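The next block holds one structure in the form of structure tokens; read it before the comments.
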Amino acid sequence: MGGLSPIESLSSAWEETLRLLFRPFHGRLWIRLSVVCLFLGGGASTAAFQWGLSTLPGDIHPAQILQRARLILGQHLSLIVLAVVLSLGLALSLLYVRCVLRFVLVEAILKRDLALRRAWKNLRPVGRAYFFWLLGVLGALLVMTSAVAVGIFPYLSSARAAEHPSWFASLLLVTVLAAVILVGLLAAVAIALTDDLVVPLIYAERISLPKAWGKVWRIARRDPGTFLFYVVLRFAVSMVIGVGVLFFLFPILMGVSSGAIIAAALVILALRLVGFAWAWNPTTIILGAVAVGLLTGLLFVLLSVVGMPGQVFLQDYGLRFIASRAPALEALRRASAAGQRGR
């Protein structure tokens, strides 16, 4: 069973993505898919967020707000504990939502439609299982990385204290950092391949994550050259999409950032006209944080709407590539396509 080549899968995914999103255009479907992709990454690099926030006026720069907030938190241990618990809870909640919505996106591509509430309800069990597996793997990697860092620290200290050359400790530190970066990169690649290839198999066959990964591994072993070409092409296309989205968003972000600068300047000017001067205190820190949060949220929404077609295209690319090598998923895809033509 040969299956589609990476180029054929890419071409087929391109045609189907155009048909899903533009032939015809459905505003409600775009909004729903944009909401889904908002939690899946938006389809673009986070550089746009950093660029947008860096254009804020210096009087309300988010770095100053965070520094003031850290000073206040540093004086209250209970606030530190609360901030850690809330941050951890938020991160886990977002990871859970992401895992469920990944299956929602696969179903939307297969069915060429999206009933968000019904899909969320039906796909929570498989999304929850994916969440626990992903959480376990990420937790294990974090523990291993922390253990290595803690274990290597005494050797760094002894290397500095001993009569070793100065470059020896630097080389050891660089080696450790390179290893950590490599592990993080491999984890990111594994998660991307899981989203692209393993999740569709879990959706179609309702099998566990290890079993689905086992099937993908056997497929890759049968034709390693084709699989490697798919991986390289997938990440090359992802980079092109990210650059394209940022290029398209540049004038929009310029307008949003300029509007934020003008609004902040008008607020400060109005305060001075009525006899008030802007000063950092708990109230202004909260107001500044709210303003930065609203601007960041707006940037997220813009990126999710503009980057959504890229997310759909990449997911469809992986789905078609693996479906041509997995009979159950291919049968489900063909049945869904036939049902759409029969409407």
Side-chain angles (χ1 to χ4, degrees), residues 17 20-22 25-53 62 86-124 126-128 130-131 134-135 138 188 191-192 194-196 199-200 203 237-239 241-250 252-253 255-257 260 289-319:
T17 301
L20 173 64
L21 299 178
F22 299 100
F25 175 84
H26 294 290
R28 290 184 178 180
L29 181 61
W30 265 71
I31 293 174
R32 292 168 183 171
L33 286 173
S34 297
V35 171
V36 171
C37 291
L38 175 64
F39 292 93
L40 297 181
S45 171
T46 55
F49 299 118
Q50 299 173 358
W51 176 83
L53 293 178
L86 290 178
S87 299
L88 182 60
L90 179 61
L92 293 177
S93 300
L94 291 176
L95 182 61
Y96 174 77
V97 172
R98 179 195 179 278
C99 291
V100 178
L101 290 183
R102 178 58 64 178
F103 288 92
V104 173
L105 179 60
V106 170
E107 180 172 276
I109 293 173
L110 288 172
K111 295 184 176 180
R112 294 176 55 81
D113 195 9
L114 177 57
L116 193 53
R117 291 184 180 179
R118 184 171 68 247
W120 174 271
K121 181 179 180 181
N122 295 337
L123 296 173
R124 274 191 303 177
V126 288
R128 188 183 305 115
Y130 181 28
F131 165 74
L134 188 59
L135 184 63
L138 292 178
I191 291 174
T194 302
D195 290 340
D196 293 349
V199 166
Y203 175 84
V237 171
S238 177
M239 291 180 61
I241 291 175
V243 173
V245 169
L246 292 180
F247 180 79
F248 183 83
L249 277 175
F250 183 80
I252 301 176
L253 293 176
V256 171
S257 300
V290 170
V292 172
L294 290 176
L295 179 58
T296 304
L298 179 59
L299 294 178
F300 269 108
V301 171
L302 288 174
L303 278 177
S304 66
V305 173
V306 177
M308 178 269 293
Q311 282 273 8
V312 174
F313 174 56
L314 289 175
Q315 185 66 68
D316 201 359
Y317 174 36
L319 190 152

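Keep in mind that this is a model prediction, so the values were computed, not measured.
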Next on the checklist: Checking Trp30 against Phe22 for the side chain to side chain contact (heavy atoms under 4.5 Å, CB included) test, could you report, in this order, the C-alpha distance in whole Å, the side-chain angles of both residues, the deciding distance, and whether it holds?
Outcome noted: CA-CA 10 Å; Trp30 265 71; Phe22 299 100; 3.5 Å; yes
Checklist entry - With side chains defined as the heavy atoms from C-beta onward, is the minimum distance between Asp316 and Leu20 less than 4.5 Å? => result no
Next on the checklist: Within this structure, what is the CZ-CG distance for the pair Arg112 and Leu29, rounded to the nearest 0.5 Å?
Outcome noted: 9.0 Å
Checklist entry - Where the side chain of Arg32 meets the backbone of Leu114, is there a donor-acceptor pair that is under 3.5 Å apart? => result yes
Item to check | Close side-chain approach of Leu101 to Leu123, heavy-atom, < 4.5 Å | outcome: no
Next on the checklist: I'd like to know whether Tyr317 forms a side chain to side chain contact (heavy atoms under 4.5 Å, CB included) with Thr17, so could you lay out the CA-CA distance, the side-chain angles of the two residues, the decisive distance to 0.1 Å, and finally the verdict.
Outcome noted: CA-CA 9 Å; Tyr317 174 36; Thr17 301; over 6 Å; no
Item to check | Short N-O contact, Arg28 and Asp113, less than 4.0 angstrom | outcome: no
Next on the checklist: Before you tell me yes or no, could you show the steps for Val100 and Val126 under side chain to side chain contact (heavy atoms under 4.5 Å, CB included), namely the whole-Å CA-CA distance, both residues' side-chain angles and the distance that decides it to 0.1 Å?
Outcome noted: CA-CA 7 Å; Val100 178; Val126 288; over 6 Å; no
Item to check | Heavy-atom side-chain proximity of Phe313 to Val237 below 4.5 angstrom | outcome: yes
Next on the checklist: Ignoring hydrogens, what is the shortest heavy-atom contact between Glu107 and Ala119? Give both atom names and the distance.
Outcome noted: OE2-CB, 3.4 Å
Item to check | Atom CZ of Phe247 with >12 non-hydrogen neighbours under 6.0 angstrom | outcome: no
Item to check | Any side-chain heavy-atom pair of Leu135 and Tyr96 under 4.5 Å | outcome: no
Item to check | Heavy-atom pair with the smallest gap, counting every atom of Gly127 and Cys99 | outcome: O-CB, 3.6 Å
Next on the checklist: Tell me whether Arg118 at atom CZ has more than 12 heavy atoms from other residues, nucleotides or ligands lying less than 6.0 Å away.
Outcome noted: no
Next on the checklist: Rounded at 0.5 Å granularity, tell me how far CG in Leu110 sits from CG in Leu105.
Outcome noted: 9.5 Å
Checklist entry - Would a distance-only check, ignoring hydrogens and angles, find a side-chain to backbone donor-acceptor pair under 3.5 Å from Gln311 to Val36? => result no
Item to check | Pairwise side-chain contact, Arg98 with Tyr130, heavy-atom cut-off 4.5 Å (strictly under) | outcome: yes
Checklist entry - Do Phe103 and Tyr203 make the cut of ring centroids closer than 6.0 angstrom? => result no
Checklist entry - Which atom pair, heavy atoms only, marks the closest approach of Ala108 to Leu33? => result CB-CD2, 4.0 Å
Item to check | Leu40 and Asp195: CA distance, side-chain angles, deciding distance, side chain to side chain contact (heavy atoms under 4.5 Å, CB included) verdict | outcome: CA-CA 10 Å; Leu40 297 181; Asp195 290 340; over 6 Å; no
